[in-house]
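Source: prediction; values computed, not measured.
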Amino acid sequence: MNSYTATPRDIQHSWFIVDAEGMVLGRLAAEIAKVLRGKHKPMFTPHMDTGDNVIVINAAKVKVTGRKAEQKQYFRHTGYMGHERFTPLSTMLAKHPERVIEKAVYGMLPKTALGRQVLRRKLRVYAGTDHPHVAQQPTPLTFPKIEAD
């Protein structure tokens, strides 16, 4: 008995659209990462790109639980010694809400060549409801019980 391995001709990529309004950030990111990677398909193969493209709209209306709105900070480094920069979640949501979801999803993807080069390009995040991917005819993707209470 052999294990099934997907080949490039077996893989079908589709497009999904997710409305992030009122959803919890971490739970939403986990579900999106699962779809990007292809783990929702029975033909999942770890070393192949079996995932689908995901469009996220209303990124500015995502919710966080607890005190993350005041306490969570994003780290970056300028390259100089001692020049660490921390940006609070509230500032990031106000200025660049799409980056909040991107960073959460990218942190849940594998840190391999597949994760860095292929899967990162399959996610499109928009702060509002408008997106330029109407021609791809995305199907709505809903997740059970991940709305904020």
Side-chain angles (χ1 to χ4, degrees), residues 4-77 84-149:
Y4 175 77
T5 301
T7 59
R9 69 172 174 264
D10 297 335
I11 300 170
Q12 296 287 330
H13 298 291
S14 56
W15 287 75
F16 293 107
I17 187 164
V18 177
D19 189 1
E21 184 174 359
M23 293 193 178
V24 178
L25 175 64
R27 295 172 190 266
L28 174 68
E31 294 293 332
I32 291 172
K34 185 168 71 172
V35 173
L36 287 176
R37 188 137 186 238
K39 291 190 122 185
H40 65 292
K41 295 181 178 181
M43 66 182 321
F44 172 70
T45 305
H47 65 279
M48 297 288 291
D49 177 22
T50 57
D52 296 322
N53 296 288
V54 177
I55 303 164
V56 180
I57 58 173
N58 289 327
K61 298 177 182 175
V62 74
K63 303 287 185 219
V64 290
T65 59
R67 297 184 59 197
K68 291 184 195 78
E70 303 96 37
Q71 292 179 343
K72 183 170 177 60
Q73 295 193 345
Y74 292 97
F75 169 83
R76 67 185 175 90
H77 198 278
E84 299 161 339
R85 302 291 185 248
F86 295 96
T87 309
L89 174 67
S90 56
T91 305
M92 189 79 88
L93 271 174
K95 291 184 178 179
H96 307 286
E98 57 277 348
R99 290 186 195 169
V100 172
I101 293 181
E102 287 173 1
K103 285 183 172 288
V105 172
Y106 295 160
M108 295 181 186
L109 291 176
K111 278 63 172 180
T112 60
L114 183 69
R116 282 190 299 270
Q117 298 166 5
V118 178
L119 300 180
R120 285 178 75 116
R121 294 182 299 176
K122 296 167 118 1
L123 176 67
R124 277 84 171 178
V125 184
Y126 299 99
T129 57
D130 298 329
H131 64 88
H133 305 288
V134 180
Q136 281 74 27
Q137 300 173 349
T139 58
L141 186 64
T142 57
F143 307 115
K145 297 182 182 178
I146 61 170
E147 288 84 19
D149 293 332

#### Entry: Spatial distance of atom CE (Met92) from atom CD (Glu98) [nearest 0.5 Å]
10.0 Å
### Task
Quick one: do Thr91 and Tyr74 satisfy side chain to side chain contact (heavy atoms under 4.5 Å, CB included)? Show the steps, please.
CA-CA 10 Å; Thr91 305; Tyr74 292 97; over 6 Å; no
### Query
For the side chain of Lys68 and the backbone of Thr65, is there at least one donor-acceptor N/O pair under 3.5 Å apart?
yes
### Query
Are any of the side-chain heavy atoms of Phe16 and Ile32 separated by less than 4.5 Å?
no
### Message
I need the single residue from Ile57, Val56, Leu141, Val54 that forms a side chain to side chain contact (heavy atoms under 4.5 Å, CB included) with Ile17. Which is it?
### Response
Ile57
### Rounded distance [0.5 Å steps], OH in Tyr126 versus CD1 in Ile101
12.5 Å
### Query
Of all heavy-atom pairs between Met108 and Ala29, which one has the smallest distance, and what is that distance?
SD-C, 3.6 Å
### Message
For a quick test of reading the model, state the closest non-hydrogen atom pair linking Ala59 to Leu93 and the distance between them.
### Response
O-CD2, 4.2 Å
### Query
Between Phe75 and Gln73, is any pair of side-chain heavy atoms under 4.5 Å apart?
no
### Message
Can you confirm whether Lys95 is buried at NZ, in the sense that more than 12 heavy atoms of other residues, nucleotides or ligands lie under 6.0 Å from that atom?
### Response
no
### Check: Val118 and Arg121 side chains under 4.5 Å, non-hydrogen atoms
yes
### Summary
Nearest heavy-atom approach of His13 to Gly51 is ND1-O, 2.6 Å
### Task
May I ask you to check whether over 12 heavy atoms, not counting those of Arg67, lie within 6.0 Å of atom CZ?
no
### Query
To the nearest 0.5 Å, what is the distance between OG1 (Thr142) and CD (Glu31)?
10.5 Å
### Query
Under 4.5 Å between any side-chain heavy atoms of Gln136 and Asn53, yes or no?
no
### Leu25 versus Ala104, closest heavy-atom pair with distance
CD1-CB, 4.1 Å
### Beyond-backbone contact of Pro97 with Lys61, side-chain heavy atoms, under 4.5 angstrom
no
### Message
Is there a side-chain contact between Asp49 and Ile11 in this structure, where contact means two heavy atoms from C-beta onward sitting under 4.5 Å apart?
### Response
no
Only pairs under 3.5 Å count here: list side-chain donor-acceptor contacts from residues 38-46, not counting sequence neighbours, and write none if there are none.
{"from": "His40", "atom 1": "NE2", "to": "Asp52", "atom 2": "OD2", "distance (Å)": "2.9"}
{"from": "Lys41", "atom 1": "NZ", "to": "Gln12", "atom 2": "O", "distance (Å)": "2.7"}
{"from": "Lys41", "atom 1": "NZ", "to": "Thr50", "atom 2": "O", "distance (Å)": "3.0"}
{"from": "Lys41", "atom 1": "NZ", "to": "Asp52", "atom 2": "OD1", "distance (Å)": "2.9"}
{"from": "Thr45", "atom 1": "OG1", "to": "Ala6", "atom 2": "N", "distance (Å)": "3.0"}
{"from": "Thr45", "atom 1": "OG1", "to": "Met43", "atom 2": "O", "distance (Å)": "3.2"}

### Message
One thing to verify: whether Glu102 and Arg99 come together as a salt bridge, which I'm taking to mean a side-chain N less than 4.0 angstrom from a carboxylate O.
### Response
no
## Note on the structure
Output for pair (Met48 CE, Leu114 CG), nearest 0.5 Å, gives 9.0 Å
### Enclosure of Glu84 CD (heavy-atom neighbours >12, cutoff 6.0 Å)
yes
### Message
Looking at every heavy atom in both Gly115 and Leu109, which two are closest together, and how far apart are they?
### Response
O-CD1, 4.5 Å
### Summary
Between Val62 and Val24 the two heavy atoms that sit nearest each other are CG2-C, 4.4 Å
### Task
Return the orientation label for the His133 and His131 ring planes: parallel under 30°, perpendicular over 60°, tilted otherwise.
parallel
### Message
Quick one, Thr5 and His47 - any side-chain contact, counting heavy atoms below 4.5 Å?
### Response
yes
### Message
If I take atom NE2 from residue His77 and atom CZ from residue Arg85, how far apart are they, to the nearest 0.5 angstrom?
### Response
9.0 Å
### Query
Should Pro132 and Arg124 count as side-chain neighbours, where that means a heavy-atom distance under 4.5 Å?
no
### Query
When rounded to the nearest 0.5 angstrom, what distance separates CG in Leu36 from CZ in Arg120?
11.5 Å
